[in-house]
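To keep things clear, I will list the structure first and then write my remarks on it.
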2 protein chains.
Amino acid sequence: MKKKAADVDRVFHALGDMTRRAMMERLSRGPMSVSLLAEPFKMSLAAVVQHLQILEEAGLVKTEKVGRVRSCRIESAGLDSAANWIGARRPEWARRLDRLEDILTEKGK
Amino acid sequence: MKKKAADVDRVFHALGDMTRRAMMERLSRGPMSVSLLAEPFKMSLAAVVQHLQILEEAGLVKTEKVGRVRSCRIESAGLDSAANWIGARRPEWARRLDRLEDILTEKGK
DNA sequence: CAAATAGTCAAGCAAATACTTAAGTATTTG
DNA sequence: CAAATACTTAAGTATTTGCTTGACTATTTG
């Protein structure tokens, strides 16, 4: 159940890029095809696909090709491993505050 | 209270580098001087300081110079903004599971 | 079945990044 | 006060990265 360091590395490296984070942002609102995903970006489709590959290798995105269209969606495994890494490095008192905040927010919602 | 996109960018960019994450890992076990922090890395002290600057600009590390030694420690502001970004993009069901896990873990400790 | 669609692949280039070396500045310490 | 310590600064190099272009492969659609 332990995550390998190399996996965490891929995840953070992938999220280290502005464009790739924007793609995650887009995909977090629902799955879509490669060309629809690429639409708002001022770059070639090939470039978008290259970013997509990096996200996929990091376990942040899962894609599936049906016919001639490849559908992309967020895979939470990657984001989970990033969240865990951060959680483990944050000082204990900060984590406690978060938990408090979670509880308070729960009520508000 | 809202975080600027540029701030989140700096944080993820900073954490996107292997060496810088290793530094965070080291600092998460407690504050230390620059040269002690640099010790396990096979690179010049100057290179370590450059990484340190990036971490500091991202709000991930705070440093203070006393006499001739600069002391470094983790600052949770940066990690918080990264955690928030991830939390916002993870599908809702994943976040709920996390909260459940938190509650369960609380008992175990 | 021809044209359009949706992506794939590979080579190459320019900018960003990580790292080095070398010389310099404060601050201890013997 | 001289030597050692703990960085600091600047300039240059080499690698990595993001992106482009152009040619190519499937899969629809009219």
Side-chain angles (χ1 to χ4, degrees), chain A residues 5-27 30-75 78, chain B residues 5-27 30-74 78 82:
Chain A
D7 295 343
V8 181
D9 187 45
R10 279 199 207 90
V11 172
F12 276 102
H13 176 253
L15 291 177
D17 182 84
M18 178 84 157
T19 308
R20 285 189 295 260
R21 277 200 317 287
M23 287 179 181
M24 290 296 288
E25 204 134 2
R26 223 163 137 59
L27 287 176
M32 61 186 79
S33 72
V34 173
S35 36
L36 187 58
L37 172 66
E39 197 233 342
F41 300 102
K42 292 188 198 82
M43 69 182 72
S44 70
L45 186 71
V48 169
V49 171
Q50 280 163 25
H51 282 301
L52 202 51
Q53 260 170 42
I54 290 169
L55 289 172
E56 198 167 6
E57 280 160 18
L60 286 160
V61 163
K62 188 125 192 182
T63 76
E64 193 193 2
K65 196 158 185 180
V66 179
R68 65 182 165 177
V69 42
R70 175 173 298 278
S71 178
C72 319
R73 63 186 157 79
I74 280 197
E75 191 180 20
Chain B
D7 295 343
V8 180
D9 188 45
R10 278 198 206 90
V11 172
F12 276 101
H13 177 252
L15 291 177
D17 182 85
M18 176 85 156
T19 308
R20 288 192 290 263
R21 275 199 321 285
M23 288 180 180
M24 291 297 286
E25 204 134 3
R26 228 165 133 58
L27 287 176
M32 61 186 80
S33 73
V34 173
S35 36
L36 187 57
L37 172 66
E39 197 233 342
F41 298 102
K42 292 187 199 83
M43 67 182 73
S44 71
L45 185 71
V48 169
V49 171
Q50 281 163 24
H51 283 302
L52 202 51
Q53 262 170 42
I54 290 169
L55 289 171
E56 198 166 4
E57 280 160 19
L60 287 161
V61 163
K62 188 125 193 183
T63 75
E64 193 193 1
K65 197 157 186 180
V66 179
R68 66 181 163 176
V69 42
R70 177 173 297 277
S71 178
C72 320
R73 63 186 157 80
I74 279 197

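If you're wondering where the values come from, they're calculated on a predicted model, not measured in any experiment. To find a chain, count down the sequence lines: A is the first, B the second, and so on, and within it residues start at 1.
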For [N], take OP1 and OP2 only and decide whether either is under 4.0 Å from a side-chain N or O of [X].
{"X": "A:Arg70", "N": "C:dT8", "answer": "yes"}
{"X": "B:Arg20", "N": "C:dA18", "answer": "yes"}
{"X": "A:Ser35", "N": "C:dG7", "answer": "yes"}

Inset, instruction - Tell which nucleotide pairs with C:dA10, taking only Watson-Crick or G-U wobble pairs whose two distances are both under 3.5 angstrom. - result: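 Check on C:dA10: paired to D:dT21, both distances under 3.5 Å.
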Legend entry - For C:dT29, the Watson-Crick or wobble partner whose two distances fall under 3.5 Å: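 Here C:dT29 is engaged in a pair, and the nucleotide opposite it is D:dA2.
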For a quick test of reading the model, state the closest non-hydrogen atom pair linking [X] to [Y] and the distance between them.
{"X": "A:Ala14", "Y": "A:Ile54", "answer": "CB-CG2, 3.9 Å"}
{"X": "A:Arg26", "Y": "A:Leu37", "answer": "NE-O, 3.1 Å"}
{"X": "A:Met43", "Y": "A:His51", "answer": "SD-CD2, 4.1 Å"}
{"X": "A:Leu60", "Y": "A:Gly78", "answer": "CD2-C, 3.7 Å"}

Inset, instruction - Report the residue (A:Ser44 or B:Lys65) whose heavy-atom-nearest nucleotide on DNA chain D is the more 5′ of the two. - result: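 First, find each residue's nearest nucleotide; the 5'-ward one identifies B:Lys65.
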Inset, instruction - On DNA chain D, check which nucleotide each of A:Val66 and A:His51 is closest to and give me the residue with the more 5' one. - result: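 In this pair, the answer is A:His51.
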Atom-to-atom span, [atom1] of [X] to [atom2] of [N] - whole angstrom:
{"X": "A:Phe41", "N": "D:dG18", "atom1": "CZ", "atom2": "P", "result": "14 Å"}
{"X": "A:Leu36", "N": "C:dG7", "atom1": "CG", "atom2": "C1'", "result": "14 Å"}
{"X": "B:Gln53", "N": "C:dC19", "atom1": "CD", "atom2": "C1'", "result": "14 Å"}
{"X": "A:Leu37", "N": "C:dT8", "atom1": "CG", "atom2": "P", "result": "12 Å"}
{"X": "A:Met18", "N": "D:dC19", "atom1": "CE", "atom2": "C1'", "result": "16 Å"}
{"X": "A:Glu64", "N": "C:dA6", "atom1": "CD", "atom2": "P", "result": "18 Å"}
{"X": "A:Met43", "N": "C:dA15", "atom1": "CE", "atom2": "P", "result": "16 Å"}
{"X": "A:Lys42", "N": "D:dG18", "atom1": "NZ", "atom2": "C1'", "result": "16 Å"}

Inset, instruction - Determine yes or no for a side-chain-to-main-chain donor-acceptor pair under 3.5 angstrom, with B:Arg21 supplying the side chain and B:Leu15 the backbone. - result: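 Side chain of B:Arg21 to backbone of B:Leu15, a donor-acceptor pair under 3.5 Å: yes, one is there.
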Which nucleotide in the set [options] lies at the smallest distance from any side-chain heavy atom of [X]?
{"X": "B:Leu45", "options": "C:dC19, D:dC7, C:dA18", "answer": "D:dC7"}
{"X": "A:Arg68", "options": "D:dT29, D:dT5, C:dT21", "answer": "D:dT29"}
{"X": "B:Ala46", "options": "D:dC19, D:dA6, D:dT9", "answer": "D:dT9"}

Inset, instruction - Answer with yes or no whether B:Gln50 presents, from its side chain, a donor or acceptor under 3.5 Å of a partner atom in the base of C:dT20. - result: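 Check passes, donor-acceptor contact within cut-off.
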